Visitor: 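Here it is, the structure, as structure tokens.
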Amino acid sequence: MLKFIRGLEEKALKRENIDFNEAYQLITVDNSYVFDLIASSNRIRERFKGKSISLCSIINAKSGDCTEDCVFCSQSVHYKTDIPEYPLISSDKIVEGARLAITHKAHKFGIVTSGKGMDNGDELYRVCESIRSLKSETPVHRCASLGILSKDALLKLKEAGLQEYHHNLETARSFFSNICTTHTYDEDVETIRAVKEIGLRTCCGGIFGMGESIEQRIELCFKLRELDVDSIPLNFLHPIKGTKLENAPSLKPFEILKIIALYRFILPDKDIKIAGGREYNLRDLQSLVFAAGANSIMVGNYLTVKGRRYEEDLQMIKDMGLEIK
Ligand code: SF4
């Protein structure tokens with residue numbers, strides 16, 4: 001097994017593609033080999049990303065009241081959850097959120113809104129104004145996650161100063177109908193393709209622990225490789241009371257480390273970011289996400305779930321001998 005892992009490490013270091021069978025063997029290694037696996041993915045991360053860890057922070061700029069039925073989401077009108085609901089917040093509040101994120105060393109700041117999408121109209125205009133304000137008043141890298149968008153809407157955001165657009169595929173195509181029935185996988189893929197076409201950076205990943213198979217975890221990874229996305233946020237389900245997945249069993253920490261390692265082997269030179277569910281699922285093993293291959297984490301609060309204190313994340317990165325970008 002050690003020879004097999006090292007062989008795939010060599011391939012990843014040469015940016016050679018790993019095939020489905022190899023990926024399957026990698027993600028199903030016995031737990032007794034997990035530390036050998038992450039020693040390899042750590043070397044791959046170091047080769048392509050060095051010791052630099054990028055911190056990303058988001059603001060929930062419009063919360064709840066979403067028509068979509070994503071089974072994991074507390075913001076869907078299809079589930080009764082206990083979250084604050086509010087319309088699009090002001091530019092001032094968004095800039096204030098970015099300033100706070102910067103003081104906590106976040107390199108990227110994302111404006112996130114609930115809903116299927118935001119094509120044209122007043123809300124899009126207001127988000128563009130907020131992006132202009134971020135550009136003129138802060139040095140932060142500007143991201144947004146506003147759902148399924150047309151190329152026209154994306155162009156307006158780019159003109160306003162947007163640098164990166166986030167839109168998750170959430171899971172593999174073959175599992176998507178178990179996760180969402182109100183829009184199609186192709187609509188999500190089209191949004192990512194449009195983001196790439198107009199020259200914005202793409203941030204696109206998924207959520208694990210929703211009942212998908214090992215094969216489907218690989219399937220999503222291969223789709224992201226095909227789409228050539230720049231940054232891949234990996235979320236691990238934190239079940240929310242009231243949603244369809246409220247009783248989903250949590251992932252095991254070693255299972256998560258294997259997923260992260262798999263993504264680093266298959267996408268050796270991309271940005272791999274650990275997003276939601278880190279604290280809930282990994283607990284004391286959070287610092288191992290970097291050895292497993294991540295070169296970025298989300299800090300601060302998530303959309304409807306509180307994150308841990310910034311200071312703890314900054315200390316964790318320092319203790320791992322890494323540096324903040
Ligand atoms: S994930 Fe997005 S689109 Fe799906 S229900 Fe939640 S807010 Fe709506």
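Atoms within a ligand are numbered from 1 in the order they appear, just like the ligands themselves. These numbers were taken from a predicted model, which means no experiment stands behind them.
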Visitor: Do the rings of Tyr185 and Phe176 sit parallel, tilted or perpendicular, given the 30° and 60° boundaries?
Guide: perpendicular

Visitor: Using non-hydrogen atoms of the residue, decide whether Gly147 is closer than 4.0 angstrom to ligand 1.
Guide: no

Visitor: Would you mind checking which non-hydrogen protein atom is closest to atom 2 (Fe) of ligand 1, with the distance to 0.1 Å?
Guide: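 Closest protein heavy atom to atom 2 (Fe) of ligand 1: Gly115 O, 4.4 Å.
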
Visitor: Considering only the protein, which heavy-atom contact is closest to atom 8 (Fe) of ligand 1, and what is its distance?
Guide: Cys66 SG, 2.3 Å

Visitor: Indicate if the distance from atom 4 (Fe) of ligand 1 to the nearest N, O or S atom of Cys70 falls below 2.8 Å.
Guide: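 Cys70 does place an N, O or S atom closer than 2.8 Å to atom 4 (Fe) of ligand 1.
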
Visitor: Answer with yes or no after comparing the ring centroid distance for Phe208 and Tyr263 against a 6.0 Å cut-off, counting only values under it.
Guide: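 Distance test on ring centres: under 6.0 Å, yes.
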
Visitor: What I want to find out is whether Arg193 reaches Glu226 closely enough, with some N-O distance under 4.0 Å, to be called a salt bridge.
Guide: yes

Visitor: Looking at Phe222, I'd like to know if the NZ or CZ of Arg225 sits under 6.0 Å from its six-membered ring centre while staying within 45 degrees of the ring's axis.
Guide: yes

Visitor: Give the atoms of ligand 1, by number and element, whose distance to some non-hydrogen atom of Ser76 is under 4.0 Å.
Guide: 5 (S)

Visitor: Which ligand 1 atoms are under 4.0 Å away from a heavy-atom of Phe72?
Guide: 1 (S)

Visitor: Might you work through the side chain to side chain donor-acceptor pair (under 3.5 Å) test for Ser213 and Gln216, ending with a clear yes or no?
Guide: CA-CA 5 Å; Ser213 65; Gln216 284 160 336; 3.2 Å; yes

Visitor: Counting non-hydrogen protein atoms only, what is the nearest one to atom 6 (Fe) of ligand 1? Give residue, atom name and distance.
Guide: Cys73 SG, 2.3 Å

Visitor: May I ask you to decide whether Lys241 forms a salt bridge with Asp82, counting only side-chain N to carboxylate O separations under 4.0 Å?
Guide: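 Salt bridge absent between Lys241 and Asp82.
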
